[in-house]
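Note that ligands are numbered from 1 as they come in the structure, with each ligand's atoms numbered from 1 the same way. Along the sequence shown, residues are numbered consecutively beginning with 1.
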Amino acid sequence: MRLLGRRGLRALPWILCLLACTPAGAQRLPTTVTPQHYDLAFDVDLDAARFQGDETIKISLAEPSRRIVLHATDIQFREVTISGGGLEQKATAVLNAATQTAALTVSRAVPAGAADIHIRYSGILNDQLRGFYLSKANGRSYAVTQFESTDARRAFPSFDEPAFKATFSLALTIDERDTAIANGRLLSDTPGPRPGRHTLTFSETPKMSSYLVAMAVGDFKCLEGSSESVPIRICATPDKVELGRIALEAAERILTFYNGYYTIKYPFKKLDVVAVPDFAAGAMENTAAIFYREADLLADSKSAAVSNVQRIWSVLAHEMAHQWFGDLVTMKWWDDLWLNEGFATWMEKRPLAAAKPEWKMDVEAGLDTQKAMNLDSLASTRAIHSTVETPAEIEGSFDTIAYEKGAAVMRMIEGYLGDEVFRNGVNVYLEHHAYGNATSEDFWTAITSASGKPIDRILPTFVNQVGVPLLNVGLRCDEGPPQLTVTTERFFTDPAMAKVARGTPNWQVPLCIKTSDSAAHCDVSGGPLANVPLATATCPRWAFVNTGAYGYFRTAYTPALLRAMAPDIASRFTEPERLTIIGDEWALVRAGRHSVADYLTLAAGFTKEHSSGVFEELSSRLTFIHDYLTTNATRPKYEQWVRSLVGPLYRELGINASPADDDDTLALRADVIRTLDLSGNDPALATEARAALSQLLSGKAPIDASAAAAVAGVAARHGNQELFDRLLAAAQHATSPSERNRYLFALGAFEDPTVVDRGLNFATTADLRSQDTSLYVRAFLNNPAARDRTWAFVKQHWPVLGPKLTIAGGDLTLAEALGSFCDARSRDDIREFFRTHKLPAASRALDQTIERINNCVAMKSGQSDAVATWLETR
Ligand SMILES: [Zn+2]
């Protein structure tokens with residue numbers, strides 16, 4: 001799955017859970033009964049928002065039993081029979097809401113061996129964006145599924161755990177004006193059984209987990225293409241199907257790439273990709289039927305922003321990577337979710353790097369690694385492999401650790417082994433576990449056997465051990481041949497934690513070292529203290545231990561080494577390497593180990609930075625310093641300095657695109673515009689942006705699509721009621737989802753309190769879809785001028801806003817967005833509010849937010865003076 005707004009929270013009322021929940025472990029099904037095949041027939045009534053189900057599960061019993069337990073929730077059983085040992089018996093079904101299971105009991109024991117469970121039942125098409133649910137657009141209804149992680153049980157009684165793989169045969173009876181899409185190929189389409197209806201049957205799936213079953217019902221239309229003899233369709237509501245052209249081309253090229261990368265060709269005969277009007281995640285990798293949020297799949301090929309096209313490609317590459325990693329081979333249990341998500345997040349960049357080198361995927365990967373390490377430096381982080389049992393715990397594990405840290409660790413191993421050797425290991429793993437399940441151990445065993453390198457020694461220290469290593473690196477040339485001294489400790493943003501952390505960390509870190517005199521060579525450094533000999537006889541001026549920026553670690557070089565490196569930064573360091581240097585420096589500042597003055601001095605050297613990814617990392621820190629570390633007294637001078645730093649770049653690029661601009665330049669322009677406004681508060685830019693937006697909205701002159709969102713944001717920040725009305729109207733009349741989002745999310749940038757309130761009120765109306773609410777409110781929380789009003793509004797309107805905010809995985813998005821506060825009063829207030837308004841899936845995310853705020857408060861009091869002093873020297 002690819003997250004955008006993350007997926008929603010469990011509907012279990014927590015108070016009921018306190019009274020009635022069985023111990024977490026009891027939610028797992030016994031392993032004495034295993035499903036082999038499901039025959040599923042659904043009769044779907046969109047008008048009544050209901051469905052009837054007729055299900056036969058072929059099972060195998062390891063021992064005789066009178067009682068079979070499987071998952072079911074929000075399902076009404078009508079009739080249950082169990083046939084085995086030549087006897088068909090009626091069964092009683094007893095539901096347990098707390099464990100989301102049903103116990104089926106017969107009077108005489110079913111003997112060991114094969115048996116059939118036959119169930120007739122009915123269910124509801126809910127409005128919670130999970131299970132089998134109702135989505136609406138253009139006055140029509142759609143029924144679609146989202147089952148990951150534990151919601152197949154809302155559509156059909158099932159052994160709803162990833163290790164219970166089975167084959168599935170689906171039939172759907174629907175309105176004659178609608179069609180249906182499922183995992184299998186369409187086998188037959190027959191009128192009836194009642195007037196006005198038709199019944200579609202689909203080919204049997206290969207063995208797969210229940211969370212990957214998919215159905216979509218409605219008047220979908222599709223664009224058709226193919227790649228490597230695999231038919232590919234991009235489907236959407238009829239009004240939007242033409243916006244699928246970019247995705248169709250991307251899917252065709254990505255499939256060709258993967259068929260070349262994996263030794264197993266695409267295993268599922270066809271691929272459908274469906275844009276769904278209401279969808280919680282970014283997209284979901286259902287086997288051969290990927291479901292998508294519209295804004296991440298559909299765009300006008302004539303006018304899409306680079307970021308938009310890139311998002312379509314990368315989410316498709318992510319979901320298609322899952323067809324092998326996730327669907328063909330599935331983690332045994334959710335504690336190894338990183339095998340799915342870390343892998344797909346790593347892999348998604350490979351076909352993009354091949355097809356679009358100008359997108360600089362190695363820099364994108366570097367940004368992901370920075371994001372992971374920033375989170376992983378909190379005391380409240382978790383290990384990649386963590387125990388999860390309940391649906392809420394599983395839900396909460398779809399986080400930066402599973403995705404970005406998982407990907408960063410894969411990338412580190414690939415960087416250490418080289419592309420080809422790592423690829424061989426990946427293929428060994430896939431071939432060995434195809435149509436089955438696997439664990440972390442299975443993964444590193446495969447890579448170790450394919451590479452002959454000690455991956456089974458390295459990987460467990462990053463997968464099972466919590467946190468990010470900090471390597472303190474010094475150079476010694478006074479005793480024998482030159483060597484590096486490396487001491488390793490766990491890195492914490494909170495300096496106090498470093499003192500109280502228990503245990504000796506034991507990372508086995510692959511180091512790829514280059515020096516001022518030599519090319520890179522790689523070695524593994526283990527233990528808290530190590531001396532690493534250099535492959536050079538003479539003492540180099542500097543040594544750099546993260547060549548290629550593949551490492552998952554922070555580095556603190558001695559001041560002498562850093563000074564020696566500085567003059568060579570532009571000439572000897574790649575973009576991803578430069579990114580790690582400024583990323584590490586910022587982390588050391590946040591941890592109170594370096595002064596923010598050191599960072600500003602380093603930043604001042606990046607005046608000619610033309611890589612959009614490196615600039616993005618830098619600009620977010622400059623904005624942080626602006627928002628939290630300047631005072632009314634120092635802010636004007638700081639803004640003036642930022643204008644002197646970024647202004648020349650802006651004057652070089654301008655607000656309008658030039659035909660010669662490549663994609664990275666188009667992306668850079670947007671970042672430069674944002675930075676010059678948010679951190680530089682440039683009055684000339686504000687005037688220019690308002691004029692340009694006004695021209696765009698009145699259809700007089702276009703703005704390059706890649707810069708349009710940034711321009712709209714700047715104009716809104718300095719805008720009034722009238723502009724608000726125009727932006728809202730533009731959002732509501734937009735012809736593509738991306739254009740709509742551009743104007744919608746700009747509404748969060750206004751500073752005028754009356755306008756902020758109007759924007760917040762809009763969030764409570766039916767005009768803002770639930771799936772967009774958390775992202776919309778996040779835009780307001782990211783705006784310093786609207787932050788306090790927004791939080792007050794959210795609390796006050798929680799009965800209306802809470803269900804919308806938390807539905808689409810918004811609980812995690814909301815919890816993270818609140819981390820933009822930086823004062824003790826707000827922190828206490830947030831903690832107090834969520835004491836009584838529980839967010840079960842986001843409890844860890846909330847702890848992380850509180851810790852982030854604490855770190856920010858400490859930094860504000862410790863470093864604001866340093867900013868003032870540094871500015872005085874300019
Ligand atoms: Zn995924």
- Note on the structure: Of all the N, O or S atoms in H318, the one nearest to the Zn ion (ligand 1) is NE2
- Would you give the angle at the Zn ion (ligand 1) between H322 atom NE2 and E341 atom OE1, to the nearest 10°? 100°
- Query: Do side-chain atoms of Q146 reach the backbone of G131 as a donor and acceptor pair under 3.5 angstrom?
  - Reply: no
- Query: Taking only residues two or more places apart in sequence or in another chain, which ones pass salt bridge (Lys or Arg N to Asp or Glu O under 4.0 Å) with D272?
  - Reply: R233, K270
- Item | By side chain to side chain donor-acceptor pair (under 3.5 Å) - contacts of D336 (at least two apart) | H385, S440
- Does the shortest distance from the Zn ion (ligand 1) to an N/O/S atom of E319 fall below 2.8 Å? no
- Pairwise side-chain contact, M208 with D327, heavy-atom cut-off 4.5 Å (strictly under): no
